[in-house]
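See below for the structure under consideration.
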Amino acid sequence: MLEIKFVRQNLSEVQQSLSTRGGAANLENFKECEEKRRELLFEVEELRHRRNVVSEEIAKMKKQGENAESLVLEMRDVSVRIKELEKSLSENEEAVNNIIMCLPNLPHASVPLGKDASENKLVKQVGTPRQFDFEAKAHWTLGENLKILDFERAAKIAGARFPLYFGAGAKLERALINFMLDIHTTEHGYKEILPPFIVNRKTMTGTGQLPKFEADLFKLEGWDYFLIPTAEVPVTNIHQEEVLEEEMLPIYYTAYTPCFRSEAGSYGKDTRGLIRQHQFNKVELVKFSTPERSYDELESLLENAETILKRLELPYQVITLCTGDMGFSAAKTYDIEVWLPSQGVYREISSCSNFENFQARRANIRFRRKGKKGTELVHTLNGSGLAVGRTFAAILENYQQADGSVLIPQALRPYMGGMEKI
RNA sequence: GGAGAGAUGGCCGAGAGGUCGAAGGCGCUCGCCUGCUAAGCGAGUGUGUGGCGAAAGUUGCACCCAGGGUUCAAAUCCCUGUCUCUCCGCCA
């Protein structure tokens with residue numbers, strides 16, 4: 001969330017900045033509620049002050065055996081009044097809170113202006129898409145023919161948009177997870193985390209999925225629990241309500257988790273294959289940083305994710321999301337897109353973002369500078385390193401042979417027991 | 001699932017209606033002392049939010065797990081919830 005005071009004092013600038021993200025924010029309403037809230041707060045505090053002073057006086061009088069009856073009677077009324085005011089104050093606070101919690105982050109100055117995905121900026125392309133002397137098949141065709149993917153049976157067990165891997169397919173998925181985790185932990189300095197896959201409402205709110213995007217989540221009926229849509233949620237919240245020491249920063253965590261998304265409103269998009277599933281695997285990278293270093297950390301996070309694609313020798317491109325295409329909590333986001341021959345396009349396989357202190361304020365994650373008084377909010381970052389299901393799809397498509405078989409990328413063969421081909 | 005105990009500052013831990021934002025210790029910061037280190041001595045050291053101030057500050061309010069209640073007054077009494085620990089049952 002944004003700082004309430006900052007929004008109040010820079011109303012038009014905030015309005016202006018948020019308007020570049022599309023979906024006009026209603027700051028008029030905020031202004032009204034916030035003014036009312038401040039009035040009520042002032043009044044309540046004044047009365048509470050009076051009560052504190054008089055109560056102390058009553059205590060003194062009683063000690064000296066004097067009669068304090070008239071003061072007690074007066075305070076009885078004051079307390080009733082305070083209670084009334086507190087009630088309307090808390091209603092008002094809730095209204096302000098609802099508004100502020102639904103405001104997206106302010107875009108960083110380096111983020112290109114734009115209304116939607118068409119205005120994202122290409123940063124670079126790495127690797128050259130392979131020329132096929134036959135027609136490149138889609139990964140779901142390859143996978144089904146090789147009997148390593150079975151969407152029909154998956155639908156029978158669970159429904160549409162669920163994966164079912166068999167044999168070498170299951171092994172390849174597992175190999176990818178291990179491959180990614182090993183690189184990030186041994187070469188990039190991340191600590192491996194295995195978090196809960198179900199989290200509570202506060203945690204979901206801390207990273208920004210709630211209150212605005214409940215429809216995108218799977219909720220457990222009868223419980224205030226949600227399936228995680230990404231490891232970002234449990235891993236960032238590891239340090240919720242904590243004060244970290246400056247020398248602990250930066251903190252690097254990596255975690256494999258399955259991810260669960262309702263994909264509400266995506267009917268008809270990517271209905272086939274592994275691209276858009278209700279459940280998929282992902283290896284996530286999460287960082288906690290001091291504010292002054294966070295944009296350097298974003299660059300290295302991006303490189304860490306790119307390393308996986310380079311090792312797998314998959315062609316990809318990196319883009320900077322424009323203001324209109326960024327996610328709710330992000331101040332700046334790079335997407336990595338992998339080449340999918342069957343579609344002839346680059347598709348998102350990783351999204352690397354700096355959230356600055358937006359999540360830290362919600363989750364209350366602070367740090368203390370050595371030798372300095374007080375605390376500051378940390379900056380949080382995360383990125384996929386990578387989406388495993390989409391990596392699986394990219395390998396099938398990019399490494400397919402004319403006979404329908406698929407070569408295993410060199411770097412992955414040790415993880416496949418030496419297997420060279422499926 | 002049953003029975004009991006607990007939750008207090010960065011950490012440990014006292015406090016059992018008013019003198020408590022909270023003893024004491026640890027840690028940390030600054031200073032003194034010491035040939036270095038260690039020890040010792042002295043002072044300071046929570047968070048949030050508002051007012052005043054250029055600032056150092058100063059001042060109001062809130063916060064002792066969370067939410068309600070009793071009371072002129074709640075860390076302290078009552079109710080509900082969450083979490084932790086111990087024992088019993090069940091279980092991978």
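So that the names make sense, note that chain A is the first sequence line, chain B the second, and so on, each numbered from 1. Quantities reported herein were computed from a predicted structural model and do not represent experimental measurements.
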For nucleotides 53-59 of chain B, which of its nitrogen or oxygen atoms have a protein nitrogen or oxygen under 3.5 Å away, and what is each distance?
none

Using heavy atoms and a sub-4.0 Å distance, could you list which residues of residues 232-252 of chain A are near RNA chain B? By number, please. none
Are T375(A) and G48(B) close enough that a side-chain N or O sits under 4.0 Å from OP1 or OP2? yes
Strictly by side-chain hydrogen bond (donor to acceptor under 3.5 Å, both in side chains), give each pair with a member in residues 157-172 of chain A just once, sequence neighbours left out. Y165(A)-E173(A)
So, is S79(A) near the phosphate of U71(B), with a side-chain N or O under 4.0 Å from OP1 or OP2? no
Could you name each residue pair satisfying ring pair (Phe, Tyr, Trp, His ring centres under 6.0 Å) that touches residues 26-72 of chain A, not counting sequence neighbours? none
Can you run down the salt bridge (Lys or Arg N to Asp or Glu O under 4.0 Å) pairs that involve residues 86-102 of chain A, sequence neighbours left out, and say none if there aren't any? R48(A)-E86(A), K87(A)-E91(A)
Are the side chain of T254(A) and the backbone N or O of L285(A) linked by a donor-acceptor pair below 3.5 Å? no
Under 4.0 Å between any heavy atoms, over every strand shown, what does K62(A) touch: base, sugar-phosphate, or nothing? Just pick one. base
May I ask you to check whether T207(A) and E232(A) show a side-chain donor-acceptor distance below 3.5 Å? no
Counting only Watson-Crick or G-U wobble pairs whose two distances fall under 3.5 Å, which nucleotide matches G10(B)? C26(B)
Rounded to the nearest 0.5 Å, what's the gap from CZ on F226(A) to OG on S262(A)? Could you check? 11.5 Å
Side chains of E284(A) and Y253(A) only: does a donor on one sit below 3.5 Å from an acceptor on the other? no
We want to know whether S351(A) and D335(A) form a side-chain donor-acceptor pair, criterion being a heavy-atom distance below 3.5 angstrom. yes
Output a table of donor-acceptor pairs, distance under 3.5 Å, between side-chain atoms of residues 287-294 of chain A and any protein atom two or more places apart or on a different chain; print 'none' if there are none.
from    : atom 1 : to      : atom 2 : distance (Å)
K287(A) : NZ     : E297(A) : O      : 3.0
K287(A) : NZ     : E297(A) : OE1    : 2.7
K287(A) : NZ     : S300(A) : OG     : 2.7
S289(A) : OG     : S294(A) : N      : 3.4
E292(A) : OE1    : R369(A) : NH2    : 3.1
E292(A) : OE2    : R369(A) : NH1    : 3.0
R293(A) : NE     : E297(A) : OE2    : 3.3
R293(A) : NH2    : E297(A) : OE2    : 2.7
S294(A) : OG     : P291(A) : O      : 3.4
S294(A) : OG     : N354(A) : ND2    : 2.9
S294(A) : OG     : H379(A) : ND1    : 2.8

Toward the 5' end of RNA chain B, by each residue's nearest nucleotide, A59(A) or E3(A): A59(A)
Contact list please: residues 63-76 of chain A against RNA chain B, heavy atoms, distance less than 4.0 Å, in numerical order. K63(A), V72(A), M75(A), R76(A)
For G50(B) and K5(A) - does any side-chain N or O of the residue sit under 4.0 Å from the phosphate oxygens OP1/OP2? yes
Not counting sequence neighbours, list each pair that qualifies as a salt bridge (Lys or Arg N to Asp or Glu O under 4.0 Å) and has a residue in residues 247-261 of chain A. none
Between the protein and nucleotides 60-67 of chain B, list the N/O to N/O atom pairs that are separated by less than 3.5 angstrom.
from   : atom 1 : to     : atom 2 : distance (Å)
G60(B) : O3'    : H49(A) : ND1    : 2.8
G60(B) : N2     : E45(A) : OE1    : 2.5
G60(B) : N2     : E45(A) : OE2    : 3.1
C61(B) : OP1    : H49(A) : ND1    : 2.7
C61(B) : OP1    : N52(A) : ND2    : 3.2
C61(B) : O2'    : R48(A) : NE     : 3.4
C61(B) : O2'    : R48(A) : NH2    : 3.2
A62(B) : OP2    : N52(A) : ND2    : 3.4

Would you say the side-chain atoms of E397(A) and S342(A) include a donor-acceptor pair closer than 3.5 Å? yes
Pairwise salt bridge (Lys or Arg N to Asp or Glu O under 4.0 Å) hits with a residue in residues 61-78 of chain A, at least two apart: R50(A)-E74(A)
Any pair with a residue in residues 148-160 of chain A that passes salt bridge (Lys or Arg N to Asp or Glu O under 4.0 Å), sequence neighbours left out, goes on the list, sorted by first then second residue, please. D150(A)-R153(A)
Any donor-acceptor pair under 3.5 Å linking the side-chain atoms of Y415(A) with those of D182(A)? yes
Looking only at side-chain N and O atoms, does T203(A) offer a donor or acceptor that is under 3.5 Å from a partner on N200(A)? yes
Does anything in residues 81-101 of chain A reach RNA chain B, meaning a heavy atom under 4.0 Å, and if so which residues? K83(A)
